[in-house]
There are 2 protein chains.
Amino acid sequence: MKYFTNACPARGAGLILPRVKKSGRIIIPRKTIYRLSIYLRCLARLKENGLDTVSSEALAKAAGVKPTQLRKDLACFGTFGTRGLGYDVTELSSRIADELGTSRLQPVILVGVGNLGLALLSYRGFEKEGFEIIAAFDANPRRPRNKQIAQPILGMDVMPKFIAEHGVKMAILSVPAPSAQEVANHLVDCGVAGILNFAPIVLTVPEDVMANNVNLAIELENLSYFIRD
Amino acid sequence: MKYFTNACPARGAGLILPRVKKSGRIIIPRKTIYRLSIYLRCLARLKENGLDTVSSEALAKAAGVKPTQLRKDLACFGTFGTRGLGYDVTELSSRIADELGTSRLQPVILVGVGNLGLALLSYRGFEKEGFEIIAAFDANPRRPRNKQIAQPILGMDVMPKFIAEHGVKMAILSVPAPSAQEVANHLVDCGVAGILNFAPIVLTVPEDVMANNVNLAIELENLSYFIRD
DNA sequence: AAGCGTTTGTGAAATATTTCACAATATTTC
DNA sequence: GAAATATTGTGAAATATTTCACAAACGCTT
């Protein structure tokens, strides 16, 4: 079992406790969660190739990390390996999937049907990972010509009702920057707890809401910095 | 000036040195570089709003970080503030832009003109950030109907010549997962030093090449983990 | 020009993350 | 079935990053 120095230093100076959430689960660092997602995809490919077991060394190499890091990551929520042999591919997959909570299908909505939003709508890569964009919303909900879009494109006015009826907890935000914060507030009011934000601004959201940012210009800028030597 | 414990512990045990690259520049942590990009965008908005100076507290709030972190980030490459007053918006902008090397326009190519690639081609958000997608490549270079794409869409066979002639150093990779590694190898052979990878696999590249990954399914998975409590 | 309020810059402390080193324990071989 | 080999799980060390705390420096007011 992994232990952390507890973030609250007040009680019992020097006392070491496992760090836990209010819900009782042990906190797993965000970086570890990202890597678990990567491990899961590597395991899927290994399984396709007919492998039954895999060592931490092989899996780590496939995921682009060090073997010890992989093992430490797994140690956050259990011990699944067999010493001398490695991990059972199928079992490890399902344990990680359980931990990530990707076992059930999550409904997602998309807000902002511009260039990028439209591309994301027709992107078929989410479903096999456990997510489904079930509807899109736009202030000006025109159905694009010459496009095979399976999802309905609805007006912003019906969004609250839709979110409540379908139990939507996550949204992809691909509106222009100037309206992003306003729309995000609206989403939060409707009960959305996770926002994947493509607008190039810093969203301000309540503490119990999570906003992940994907900013393509910043990614390019980052690359450009590190390649000039 | 900021100091690090040097990563190489061999010479002069315990000796503290500023961490530098072969080129002589001090290494700035990757996370700091990301934040510098964010500061730059916040400063641009402040300037639009007519502000001349800004305190670390105000800028940090706009960027979603703590004031001390902002100041430490800036301390990596100089001291630009005026005590008691704050930072000159214009000056700080240009200093950060200089450090990031975003002053000149960078030519970028895109490989893989599928749904996502097409959307990125028509995305007008890069240019004003200093990047321009000057051409796209695809194994099957058809020009899509009903789309206003300014860039030429070329076959893979002419890619090496194009890269050499235009001094391209960065590429956006939006091909399907199975061919991503092969195409990446090809790009590296042609002299590309930075790859922004949208394919959902872990790329293996030489040490002097940088590959940043954008994986939308993983971002969603990450959200979904942290919102269930 | 001296005092006051403000805000930067930074060494040191606190926290977080990664890596090391190796005991523990399984499989395989002879 | 004992020895050799392989590989996990993990405490401790090393490294990295963030935050604190406060001296130093500036502008403004009087």
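All chains are named by letter (A, B, ...) in the order of the sequence lines, taking the proteins before the strands, and each is independently numbered beginning at 1. No experiment lies behind these values; they were computed from the predicted model shown.
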Enquirer: Which comes earlier along DNA chain D counting from the 5' end, the contact point of B:D73 or that of A:G84, where each point is its nearest nucleotide?
Expert: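 Nearer the 5' end of the strand: A:G84.
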
Enquirer: CD1 of B:I33 versus P of D:dT17: gap in Å, rounded?
Expert: 12 Å

Enquirer: Once rounded to the nearest 0.5 Å, what's the spacing between atom CD1 of A:I33 and atom CD1 of B:I218?
Expert: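 Between atom CD1 of A:I33 and atom CD1 of B:I218 there are 12.0 Å.
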
Enquirer: Take B:V192 and B:V209 through the test side-chain contact (heavy atoms from CB on, under 4.5 Å) and record every step on the way to the result.
Expert: CA-CA 8 Å; B:V192 167; B:V209 174; 6.0 Å; no

Enquirer: Are the side chains of B:L196 and B:L173 in contact, using a 4.5 Å heavy-atom criterion?
Expert: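 Side-chain contact under 4.5 Å: no.
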
Enquirer: What is the distance from NZ of A:K72 to P of D:dT15, rounded to the nearest Å?
Expert: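 The distance from NZ of A:K72 to P of D:dT15 comes to 16 Å, rounded to the nearest Å.
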
Enquirer: Just how far is it from atom OH of A:Y87 to atom OH of A:Y39, taken to the nearest 0.5 Å?
Expert: 10.0 Å

Enquirer: Using the side-chain heavy atoms of A:Q69, tell me which of these nucleotides is nearest: C:dA21, D:dT19, C:dT19.
Expert: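 Within the option list, the nearest is C:dT19.
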
Enquirer: In this structure, how many angstroms lie between the P atom of D:dA21 and the CD atom of B:E57, rounded?
Expert: 16 Å

Enquirer: What is the distance from OH of A:Y34 to C1' of C:dT17, rounded to the nearest Å?
Expert: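 The answer, rounded to whole Å, is 17 Å.
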
Enquirer: Checking side-chain contact (heavy atoms from CB on, under 4.5 Å) between A:E99 and each of A:L74, A:L40, A:I28, which is the one that passes?
Expert: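 Answer to the side-chain contact (heavy atoms from CB on, under 4.5 Å) test with A:E99 among A:L74, A:L40, A:I28: A:I28.
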
Enquirer: Does D:dG9 have its OP1 or OP2 closer than 4.0 Å to a side-chain nitrogen or oxygen of A:Y87?
Expert: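 So the side chain of A:Y87 is within the cut-off, an N or O lying under 4.0 Å from OP1 or OP2 of D:dG9.
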
Enquirer: Quick check on D:dT18: is either OP1 or OP2 less than 4.0 Å from any side-chain nitrogen or oxygen of B:R35?
Expert: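 The answer is yes; a side-chain N or O of B:R35 sits under 4.0 Å from OP1 or OP2.
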
Enquirer: Please determine whether a side-chain nitrogen or oxygen atom of A:T82 lies at a distance below 4.0 Å from atom OP1 or OP2 of C:dA26.
Expert: no

Enquirer: If the cut-off is 4.0 Å, is B:K66 near the phosphate of D:dT19, judged by side-chain N/O to OP1 or OP2?
Expert: yes

Enquirer: Taking the six-membered ring for Trp, are B:F126 and B:Y123 parallel (under 30°), tilted (30 to 60°) or perpendicular (over 60°)?
Expert: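 Judged by the thresholds at 30° and 60°, the geometry between B:F126 and B:Y123 is perpendicular.
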
Enquirer: Any side-chain N or O of A:S56 below 4.0 angstrom from OP1/OP2 of D:dT7?
Expert: no

Enquirer: Rounded to the Å, how far apart are B:R95 CZ and C:dG9 P?
Expert: 11 Å

Enquirer: In residues 45-59 of chain A, what donor-acceptor pairs under 3.5 Å come from side-chain atoms, sequence neighbours left out?
Expert:
| from | atom 1 | to | atom 2 | distance (Å) |
| --- | --- | --- | --- | --- |
| A:S55 | OG | A:E57 | N | 3.4 |
| A:S55 | OG | A:A58 | N | 3.1 |
| A:S56 | OG | A:R71 | NH1 | 3.0 |

Enquirer: Heavy atoms from C-beta onward define the side chain here; which of C:dT18, C:dA12, D:dT10 lies closest to that of A:K31?
Expert: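 Shortest atom-to-atom distance from the side chain points to C:dT18.
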
Enquirer: Regarding B:R30, tell me which of base, sugar-phosphate or nothing describes its non-hydrogen contacts under 4.0 Å with the strands shown.
Expert: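 Result for B:R30 = nothing.
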
Enquirer: Measure the CD1-NZ distance between B:I227 and A:K169 for me, rounded to the nearest 0.5 Å.
Expert: 7.5 Å

Enquirer: Got a sec? Which of residues 202-212 of chain B come in under 4.0 Å of DNA chain C, heavy atoms?
Expert: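 Result for residues 202-212 of chain B: none.
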
Enquirer: Could you give the distance from CG (A:N185) to OG (A:S179), rounded to the nearest 0.5 Å?
Expert: 11.5 Å

Enquirer: Start with the C-alpha gap between B:H186 and B:V111, add the side-chain angles, then the distance that decides, and say whether side-chain contact (heavy atoms from CB on, under 4.5 Å) holds.
Expert: CA-CA 11 Å; B:H186 197 184; B:V111 187; over 6 Å; no

Enquirer: Any donor-acceptor pair, under 3.5 Å, between the side chain of A:R83 and the base of C:dT25, if you only look at N and O atoms?
Expert: no

Enquirer: Could you tell me how far apart A:D88 (CG) and C:dT27 (P) are, to the nearest whole angstrom?
Expert: 13 Å

Enquirer: Output the rounded distance in Å from CZ (A:R71) to C1' (D:dA6).
Expert: 11 Å

Enquirer: With heavy atoms under 4.0 Å as the rule, sort B:T68 into base, sugar-phosphate or nothing.
Expert: base

Enquirer: Map every base of DNA chain C to its dot-bracket character, where paired means a Watson-Crick or G-U wobble contact with both distances under 3.5 Å and | marks a partner outside the strand.
Expert: ||||||||||||||||||||||||||||||

Enquirer: Taking the side chain of A:L85 as heavy atoms from C-beta outward, which of D:dG9, C:dT8, C:dT27 is closest to it?
Expert: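 When the side chain of A:L85 is considered, C:dT27 is the closest of D:dG9, C:dT8, C:dT27.
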
